[in-house]
Amino acid sequence: MSHNFLSMDTKILIIGACGQIGTELTQKLRETYGKNNVIASDIRKLNNDVVNDGIFEVVNALDYNQIEHLIEKYKITDVYLMAALLSATAEKNPAFAWDLNMNSLFHVLNLAKAGKIKKIYWPSSIAVFGPTTPRDNTPQYTIMEPSTVYGISKQAGERWCEYYHKQYGVDVRSIRYPGLISWGTPPGGGTTDYAVDIYHKAITEGKFTSFLSENSALPMMYMDDAIKATIAIMQAPSEQIKIRSSYNLSAMSFTPKEIAAEIQKHYPDFTIDYAPDFRQKIADSWPASIDDSCAREDWGWKNDYDLNSMTTEMFKQLKENIYA
Ligand code: AKB
């Protein structure tokens with residue numbers, strides 16, 4: 001039975017609420033469902049709005065009993081599992097990345113299988129693709145041979161999500177996020193993070209050294225669009241979610257050279273140089289652009305931001321809120 005998104009019994013637990021996505025997702029879910037219906041949790045208790053502006057609990061995503069306890073305490077129906085090690089960090093600690101990324105997922109899948117929660121959101125990534133995948137306009141269904149620890153964990157996770165849906169009827173929903181760009185919370189440990197840092201450096205230093213080479217194209221998205229998509233896929237009637245591994249999702253695609261040119265429209269003296277490091281190899285294994293027609297057809301996905309409008313919005317928000 002599909003779970004009505006406006007039903008009065010929706011109680012949400014966000015695991016990993018203090019991360020780049022979790023922070024903004026928590027705020028939007030609190031606005032949408034009411035503060036008392038959203039429980040934010042993370043392994044760290046920071047002094048920020050996620051912690052201070054609503055219900056917050058410290059939880060280790062690897063501790064099944066802790067998660068189960070919170071689910072029972074707050075009568076949770078929907079879990080958003082946002083805790084993960086991203087691509088660059090995962091390469092430095094493969095065993096822990098595999099442990100965290102896989103076992104946290106098994107915990108929530110098993111809690112749903114046991115009937116303790118109704119719905120799961122779990123993020124996947126363009127990292128599920130690899131060097132043998134067609135790079136341009138990468139289709140939903142194609143060759144997937146990821147070459148990073150992070151990508152391997154996300155691809156395995158997708159297979160398990162589909163398996164739990166088919167075998168046990170678990171209502172799990174997922175999106176393959178591209179690189180996400182936001183002004184509020186810094187990203188941590190990703191290969192696409194340069195595209196956030198570059199905006200800060202344009203304001204503070206007028207120059208930027210990119211760890212990816214000038215023509216390294218990657219799929220990207222403004223955070224507002226990613227949050228909109230995340231809530232939309234969770235609110236869609238169950239029968240519209242035809243893909244239970246994870247949906248391709250796209251908004252824009254650009255190279256370091258192209259984002260620098262866009263920034264120069266606002267800061268004409270801005271300069272960029274290039275010093276590719278180990279993350280270049282990761283970027284080279286990922287798609288340059290994504291075909292997301294399934295998400296558009298199945299549950300009505302549509303992005304609001306492109307490179308031009310995102311750049312204008314990033315500078316507006318950074319200048320008003322961070323560098324005022
Ligand atoms: C990363 O760069 O690791 C992430 C991702 C694309 O999943 N931003």
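Note that ligands are numbered from 1 as they come in the structure, with each ligand's atoms numbered from 1 the same way.
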Cationic N near anionic O, under 4.0 Å, Lys166 to Glu162: yes
N-O pairing of Lys201 and Asp197 below 4.0 Å: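 Salt bridge flag = yes for Asp197 with Lys201.
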[X] neighbourhood, listing ligand 1 atoms whose heavy-atom distance to it stays under 4.0 Å:
| X | result |
| --- | --- |
| Tyr150 | 3 (O), 5 (C), 7 (O) |
| Thr191 | 1 (C), 2 (O), 3 (O) |
| Leu86 | 3 (O) |

Residue selection (non-hydrogen contact nearest atom 1 (C) of ligand 1) among Ser87, Gly188, Ala283, Ala127: Ser87
Shortest heavy-atom approach to atom 8 (N) of ligand 1 - which of Ile282, Leu180, Val196, Thr192: Thr192
Side-chain heavy-atom pair Lys207, Asp273 within 4.5 angstrom cut-off: no
Ligand 1 to Trp286 polar contact by distance, N or O atoms, under 3.5 Å: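 It does not: no N or O of Trp286 is found under 3.5 Å from an N or O of ligand 1.
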Taking atom 6 (C) of ligand 1 as the reference point, the nearest protein heavy atom with its distance: Ser125 OG, 3.6 Å
Asp171 and its salt bridge (Lys or Arg N to Asp or Glu O under 4.0 Å) partner, picked from Arg244, Lys119, Lys113, Lys118: Arg244
Glu262-Asn308 side chain donor-acceptor pair, cut-off 3.5 Å: yes
CA sep, side-chain torsions, deciding dist, call: Trp160, Phe106, ring pair (Phe, Tyr, Trp, His ring centres under 6.0 Å): CA-CA 8 Å; Trp160 281 112; Phe106 276 126; 5.0 Å; yes
